[in-house]
Q: 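Have a look at this one.
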Amino acid sequence: MEYRPGDIEPKWQAHWRKKETFRAEEKPDVDKYYVLDMFPYPSGAGLHVGHPLGYIASDIVARYHRHLGYQVLHPMGYDSFGLPAEQYAIQTGQHPAKTTEANIARYRQQLDQMGFSFDWSREVRTSDPNFYRWTQWIFLQLFESWYNCAHHRAESISTLLTHFRRHGSEGLQAFTTFEGQFTPQEWAAASPAEKEEILQHFRLAYRSESTVNWCPALGTVLANDEVKEGYSERGGHPVIQKKMMQWSLRVTAYADRLEAGLNTIDWPASIVEAQRNWIGRSEGARVYFDLPGREEKIEVFTTRPDTLFGVTFMVLAPEHPLVDQLTTAEYAATVKDYQEMAARRSERERMAEVKKVTGAFTGAYARHPFKDELLPIWIADYVLASYGTGAVMAVPAHDSRDWTFAKTFDLPLRQVVAGGDIEKAAHDAQEGKLEQSDFLNGLPVSQAIPKAIEALEAKGAGRGEVNYRLRDAIFGRQRYWGEPIPIYYDDGVPHPVRETHLPLELPDVDQYLPTETGEPPLARAERWHYHPDKGVVPPGEGYPLELTTMPGWAGSSWYDLRYMDPHNRTEPVGRGAQQYWQQVDLYLGGSEHATGHLIYTRFWHKFLKDRGYIEAEEPFKKLINQGMILGNSALVYRRKGENVLVSAGQVEDPQQYDRIHADVSLVNTSDELDVAAFRRWRDDLAGAEIIAEKDGSFKVLREVEKMSKSKYNVVNPDDIIAQYGADTLRMYEMFLGPLEQSKPWNTAGISGVHNFLRKTWRLFWQEDTWLVTEEKPSEKELKSLHQLIKKVTQDLKQYSFNTAVSAFMIAVKELSDLKCHKRAILEPLLVTLSPFAPHLSEELWEQLGYSGSIERVPFPAYEESYLQESTHAYPISFNGKVRFTHELDLSLDKKAVEEAVLGLEKTQKYLGDKPVRKVIVVPGKIVNIVQ
RNA sequence: GCGGGUGUGGUGGAAUUGGUAGACACGCUAGAUUUAGGAUCUAGUGCCGCGAGGCGUGGGAGUUCGAGUCUCCCCACCCGCACCA
């Protein structure tokens with residue numbers, strides 16, 4: 001029999017499906033292992049060879065753990081709300097649910113033929129009402145919660161109401177933007193609208209007037225992580241700042257826990273760093289500066305309270321609320337001009353003009369807390385309203401931005417930390433001792449900081465504070481294809497939709513565009529009003545419902561939990577399922593979600609834990625970012641302005657040419673283009689003149705780029721599978737290089753892996769002869785096998801799949817050379833191989849006479865005793881490590897012996913008094929020392 | 001500017017974590033075989049040199065009997081954040 005992947009792969013895929021081989025069950029006495037892939041957005045283009053990379057790796061891990069006896073949860077689903085389906089709907093009028101459905105069917109078919117061991121009975125789709133009812137439910141829990149800083153956790157809003165009734169705002173330690181005070185009596189007397197107004201400052205899901213990233217082209221707001229350098233991440237449209245009433249989530253309440261949790265998880269350093277950066281914790285102090293003749297104070301945040309005596313002026317953000325009150329009549333006009341200029345400048349312009357120093361004097365002064373000195377107050381847009389207090393104490397001698405500002409506007413400098421030349425540049429290093437600083441004089445910076453905070457606190461002029469860069473997450477989107485936010489409005493006051501009315505299903509609309517008046521698409525729905533008893537009703541019978549929908553990351557912030565209990569009708573995840581599966585042990589996906597999905601998910605899990613719905617504080621114990629598989633584009637040179645195509649080897653000055661992407665399927669592995677096919681493919685080039693190489697071939701230029709339809713460099717896994725089979729594709733993708741690394745797809749090497757599988761097959765079959773014997777294996781054969789098992793076991797533990805594939809190749813080659821067809825060797829070999837090449841392993845396992853699946857056969861253990869060299873080598877110990885090496889005859893080379901002895905004398909020192917029995921050398925070098 | 005990462009043959013990449021650098025695979029060269037098929041098998045393949053030999057892990061120093069691996073200083077590229085006080 002020949003190796004025919006085209007026959008055996010569909011056979012086993014059907015078998016697995018029928019027998020539900022990969023169904024995960026909760027067995028309390030069996031250990032669990034939860035391995036999860038980031039679920040895909042089902043795009044219209046289908047999968048390319050880059051998508052399965054992570055799925056293959058996770059599948060290997062899943063199958064390996066089944067061999068180890070774990071209950072493995074390895075699910076898959078779809079992140080099926082999103083912009084592309086909506087934009088397609090806008091263009092064609094096709095309901096996004098329909099396109100999504102079709103795309104999912106295609107994805108499923110592609111995934112199935114890869115032989116993944118997903119438990120499809122647990123599939124989830126974020127756009128499925130049975131799923132998003134719980135996304136809406138979690139939103140309602142956020143709406144009904146506040147953050148109690150005294151208990152370091154979120155609590156039901158009812159505990160807050162109890163506090164208000166009993167104590168008013170007195171003694172409350174809440175994470176809030178509310179700044180007023182009230183008594184229990186005042187609370188009792190307040191109207192529902194007034195009460196809600198206050199509660200909005202406490203709720204973890206709240207509405208506020210805030211500056212948002214508005215993308216006019218997409219007609220929606222975007223979260224900070226969806227904006228890259230002033231352009232939308234999706235589509236690359238310009239983004240401007242706009243004030244709007246918006247739903248937000250109070251993720252900032254969790255800033256400290258999100259930061260602290262990073263130390264408890266096994267994630268790549270780069271992601272941990274990116275999140276640290278994004279959270280942006282900085283320790284420092286809040287300092288109050290009195291304003292002569294006024295009640296208000298200017299509050300600033302600084303990380304360098306030690307430089308307090310170096311302050312020579314104050315700077316407020318142009319939007320700072322105190323600016324208008326402070327500005328004197330004399331400067332009112334210039335300040336107003338400056339404010340208007342600053343407001344006009346978009347985020348992007350500001351970023352482009354970072355070096356440009358602008359500002360305006362307000363005419364007002366603030367008082368230094370420790371000196372009888374008045375500090376001029378300026379406004380400037382280098383101070384951001386959104387960070388800290390929107391105001392800074394300027395220390396031009398020790399902060400480069402303040403320094404530039406002082407130099408531009410001719411403000412004084414005062415050095416208070418020794419070192420540097422402050423006339424040339426700010427001395428911002430945290431080194432040196434304090435001077436001209438009263439009670440701080442002579443202290444090094446590290447000691448001056450706590451001392452300054454102490455003094456500020458004693459005087460009531462400030463306090464130590466930790467500040468975060470993290471902003472609350474804007475949660476509303478002016479789009480159709482997302483989860484409706486389950487809120488209705490009674491006279492402008494938001495109320496939650498009743499839980500029993502969930503899911504609040506997306507209504508049908510005639511078009512998927514915003515309305516002429518700029519309202520979100522949901523405003524087009526005929527029935528989109530709500531009655532607390534009846535649910536969704538026509539207009540006139542209830543209250544208006546919220547028109548915005550949730551952002552793309554809502555469903556993905558908790559989907560890992562739903563897999564644990566996907567069919568639960570009464571809870572997002574049942575207690576038993578949650579307690580058994582706990583958290584994801586291994587999570588695989590791209591690094592592009594570092595500051596989006598991966599932060600929001602951590603936030604939601606912490607919240608759900610606080611409210612007692614789940615047990616794990618962190619969703620993902622270990623995270624691996626698989627690299628991207630890049631396309632290997634083929635470019636054809638065409639002379640500028642002429643219809644002449646020139647082979648790459650004949651091009652002298654590339655400047656004179658345009659480059660046209662050719663479909664990579666028209667190019668062979670030697671970079672030769674099938675010119676005739678290319679002309680048929682691009683009929684505008686049918687009549688082009690061709691200048692070929694001397695040998696008549698036509699060569700293209702290769703370039704590594706992201707895979708994309710428009711670059712014609714997409715390689716479809718279906719084609720690879722049709723030619724070589726899924727097992728070859730799986731092993732080849734693993735063989736390409738380390739999982740985490742990005743690498744270009746190159747089909748050239750695939751024959752090596754395919755040959756390996758055929759060679760494996762030939763250990764069992766020679767044409768139609770079954771070769772397997774019951775003979776006793778030889779030492780050599782056992783050594784090959786156990787070396788393999790050891791290497792693969794180690795590699796699996798380290799997720800080093802490329803080296804594991806190499807180990808298989810070596811072992812199979814050795815066994816072929818030994819003509820080893822012995823059952824005692826081949827059986828464990830197959831089990832070891834089965835996570836990597838499951839179809840082939842299953843098929844041969846069956847032919848070995850087993851009726852059950854190979855899936856649960858225990859993974860073989862290796863034995864060191866088989867691994868020892870039988871000739872010319874023996875174990876030695878050196879520096880406490882055991883190793884095996886060859887013995888060499890010292891008499892071979894006189895020089896080597898001399899050097900060996902020389903080395904021996906030096907080595908003897910740190911070997912102590914243990915006698916050295918033998919020195920092992922190769923000519924000129926000592927290799928090892930035997931004690 | 002700050003932070004993270006990477007640098008090894010013609011190519012993808014190994015190196016038991018300080019012990020003969022280049023495993024494995026692709027590619028290439030030569031040969032064998034076959035009713036040219038993108039098949040199979042054998043040998044060779046880091047660079048320079050006819051050779052003995054020399055040189056080699058981005059560059060330079062250092063520690064060590066011994067460095068791709070550890071330390072310091074540079075260089076290049078990739079990624080993230082960025083007037084964050």
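Model, not experiment: these values are computed from the prediction. Numbers restart at 1 for each chain; the letters A, B, ... are given by sequence-line order, proteins then strands.
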Q: Could you work out, with side-chain contact (heavy atoms from CB on, under 4.5 Å) as the rule, every residue matching A:Q766, not counting sequence neighbours?
A: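 Once residues adjacent in sequence are excluded, the partners of A:Q766 under the side-chain contact (heavy atoms from CB on, under 4.5 Å) criterion are A:L771.
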Q: What distance, rounded to whole Å, do you find between the two P atoms, one in B:rC47 and one in B:rG38?
A: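 Taking atom P in both B:rC47 and B:rG38, they lie 29 Å apart.
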Q: How long is the line joining CG of A:L630 and P of B:rC78, in whole Å?
A: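 Nearest whole value for this atom pair: 13 Å.
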Q: Can you check the distance between B:rU63 and B:rC73, where both ends of the measurement are the C1' atom (answer in whole Å)?
A: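 Pairwise C1' distance, B:rU63 against B:rC73, rounds to 15 Å.
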Q: Rounding to the closest angstrom, what is the interatomic distance between B:rU20 and B:rG3 at atom P?
A: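 Per the computed distance, 36 Å lies between those P atoms.
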Q: Indicate yes or no for a side-chain donor-acceptor contact from A:Q415 to the backbone of A:A397 under 3.5 Å, with no hydrogens or angles considered.
A: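 Flag not set: sc A:Q415 to bb A:A397 has no pair under 3.5 Å.
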Q: For A:K407, enumerate each residue passing the side chain to side chain donor-acceptor pair (under 3.5 Å) test, keeping only those at least two apart in sequence or located in another chain.
A: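 Side chain to side chain donor-acceptor pair (under 3.5 Å) check on A:K407 returns A:E423.
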Q: Taking A:R304 for the side chain and A:D399 for the main chain, is one N or O donor matched with an acceptor at less than 3.5 Å?
A: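 Side chain of A:R304 to backbone of A:D399: no pair is present.
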Q: Can you find a side chain N or O atom of A:R469 that sits less than 4.0 Å from OP1 or OP2 on B:rA82?
A: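 The answer is yes; a side-chain N or O of A:R469 sits under 4.0 Å from OP1 or OP2.
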Q: Report the nucleotide, chosen from B:rG4, B:rC26, B:rC41, that has the shortest atom-to-atom distance to any side-chain atom of A:E273.
A: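 Nearest listed nucleotide: B:rG4.
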Q: Is the distance from OP1 or OP2 of B:rG13 to the nearest side-chain N or O of A:Q741 less than 4.0 Å?
A: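 A:Q741 to B:rG13 OP1/OP2: side-chain N or O found under 4.0 Å.
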Q: Roughly how many Å is it from CG in A:L375 to P in B:rA85, rounded to a whole number?
A: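 Rounded to the whole Å, the gap is 21 Å.
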Q: Is the ring centre of A:H368 less than 6.0 Å from the ring centre of A:F309?
A: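 A:H368 vs A:F309: aromatic centres under 6.0 Å.
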Q: Who passes side chain to side chain donor-acceptor pair (under 3.5 Å) against A:S665, sequence neighbours left out?
A: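 A:D663.
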Q: Is it the case that the ring center of A:F313 lies less than 6.0 angstrom away from the ring center of A:F409?
A: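 No; A:F313 has its ring centre 6.0 Å or more from that of A:F409.
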Q: Answer with base, sugar-phosphate or nothing: what part of the nucleic acid does A:Y732 contact at a heavy-atom distance below 4.0 Å?
A: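 A:Y732: no heavy atom of the nucleic acid under 4.0 Å.
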Q: Just confirming the chi classification of B:rU6, syn or anti, using 90° around 0 as the syn window.
A: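 Classified anti.
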Q: Is it the case that the side chain of A:D674 and the backbone of A:L666 share a donor-acceptor pair, with hydrogens and angles ignored and the cut-off at 3.5 Å?
A: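 It does not hold such a pair.
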Q: Which residue, A:V392 or A:K743, contacts RNA chain B at a nucleotide closer to its 5' end, judged by nearest heavy atom?
A: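 Going by which nucleotide is closer to the 5' end, it is A:K743.
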Q: Residues two or more places apart in sequence or in another chain: which of them pass side chain to side chain donor-acceptor pair (under 3.5 Å) with A:K791?
A: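 Testing A:K791 for side chain to side chain donor-acceptor pair (under 3.5 Å), a comparison that skips the adjacent residues, returns A:D795.
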Q: Using the side-chain heavy atoms of A:A748, tell me which of these nucleotides is nearest: B:rC26, B:rG80, B:rG4.
A: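 Looking only at side-chain atoms, A:A748 lies closest to B:rC26.
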Q: Report which part of the nucleic acid A:R286 touches: base, sugar-phosphate, or nothing (heavy-atom distance under 4.0 Å, all strands).
A: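 Nothing, no heavy atom under 4.0 Å.
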Q: B:rG22 and B:rU57: how far apart are their C1' atoms, nearest whole angstrom?
A: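 About 9 Å, rounded to a whole number of Å.
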Q: Taking the minimum atom-to-atom distance to the side chain of A:Y387, which one of B:rC24, B:rG13, B:rC84 wins?
A: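 Nearest nucleotide to the side chain: B:rC84.
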Q: Dot-bracket for RNA chain B, please. Rules: Watson-Crick or G-U, both distances under 3.5 Å, ( ) within the strand, [ ] when a pair crosses earlier ones, | for another strand, . otherwise.
A: (((((((..(((......[....)))((((((.......))))))(((....)))..(((((..]....))))))))))))....
Q: Starting from P on B:rC79, measure out to CG on A:L598 and report it in whole angstrom.
A: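 A:L598 atom CG is separated from B:rC79 atom P by 19 Å.
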Q: Taking OP1 and OP2 of B:rC84, is either one under 4.0 Å from a side-chain nitrogen or oxygen of A:R281?
A: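 Result: no.
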Q: Would you mind telling me which of B:rC41, B:rG13, B:rC81 lies closest to the side-chain atoms of A:P738?
A: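 Between B:rC41, B:rG13, B:rC81, the one nearest the side chain of A:P738 would be B:rG13.
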Q: How would you list all residue pairs meeting salt bridge (Lys or Arg N to Asp or Glu O under 4.0 Å) that involve residues 273-285 of chain A, not counting sequence neighbours?
A: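 Listed once each, the pairs are A:E259-A:R276, A:E273-A:R276, A:R281-A:E283.
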Q: Which whole number of Å gives the distance between the C1' atom of B:rC84 and that of B:rC78?
A: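 Straight-line distance between the two C1' atoms is 25 Å.
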Q: Within residues 797-813 of chain A, find the residues that approach RNA chain B with a heavy atom at under 4.0 Å, and present them sorted by residue number.
A: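 Contacting residues: A:N802, A:T803, A:S806, A:M809, A:I810.
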Q: What distance, rounded to whole Å, do you find between the two P atoms, one in B:rU42 and one in B:rG59?
A: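 Rounded to whole Å, the distance is 37 Å.
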Q: Using a heavy-atom cut-off of under 4.0 Å over every strand shown, decide if A:Q723 touches base, sugar-phosphate, or nothing.
A: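 Base, at least one base heavy atom under 4.0 Å.
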Q: More 5' along RNA chain B: A:G280 or A:S751, using each one's nearest nucleotide?
A: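 By nearest-heavy-atom nucleotide position, the 5'-most residue is A:S751.
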Q: Starting the side chain at C-beta, find the nucleotide from B:rA85, B:rG38, B:rC41 nearest to A:D399.
A: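 Among B:rA85, B:rG38, B:rC41, the one nearest the side chain of A:D399 is B:rA85.
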Q: Please state whether the phosphate of B:rC79, meaning OP1 or OP2, lies under 4.0 angstrom from any side-chain nitrogen or oxygen of A:N625.
A: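 Checking B:rC79 against A:N625, no side-chain N or O comes under 4.0 Å of OP1 or OP2.
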Q: Rounding to the closest angstrom, what is the interatomic distance between B:rG10 and B:rU45 at atom P?
A: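 The answer is 15 Å between these two P atoms.
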Q: Is the base of B:rG9 syn or anti, where syn means the angle lies within 90° of 0?
A: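 Judged by the O4'-C1' to base torsion, B:rG9 sits in syn, the angle falling within 90° of 0.
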Q: Between B:rU11 and B:rG5, how far is it from one C1' atom to the other, in whole Å?
A: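 To the nearest whole Å, 23 Å.
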Q: Report the nucleotide, chosen from B:rA85, B:rG4, B:rC83, that has the shortest atom-to-atom distance to any side-chain atom of A:D381.
A: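 Nearest to the side chain of A:D381 among the choices is B:rC83.
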Q: According to salt bridge (Lys or Arg N to Asp or Glu O under 4.0 Å), who are the partners of A:R286, at least two apart in sequence or on a separate chain?
A: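 Applying salt bridge (Lys or Arg N to Asp or Glu O under 4.0 Å) to A:R286 gives A:E299, A:E465.
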Q: Return each pair, listed once, that meets salt bridge (Lys or Arg N to Asp or Glu O under 4.0 Å) where at least one residue sits in residues 727-756 of chain A; pairs must be two or more places apart or across chains.
A: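 Sorted result for residues 727-756 of chain A: A:D59-A:R730.
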Q: Looking at every strand, decide which applies to A:D402 at a 4.0 Å heavy-atom threshold: base, sugar-phosphate, or nothing.
A: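 Since no nucleic acid heavy atom lies under 4.0 Å of A:D402, the category is nothing.
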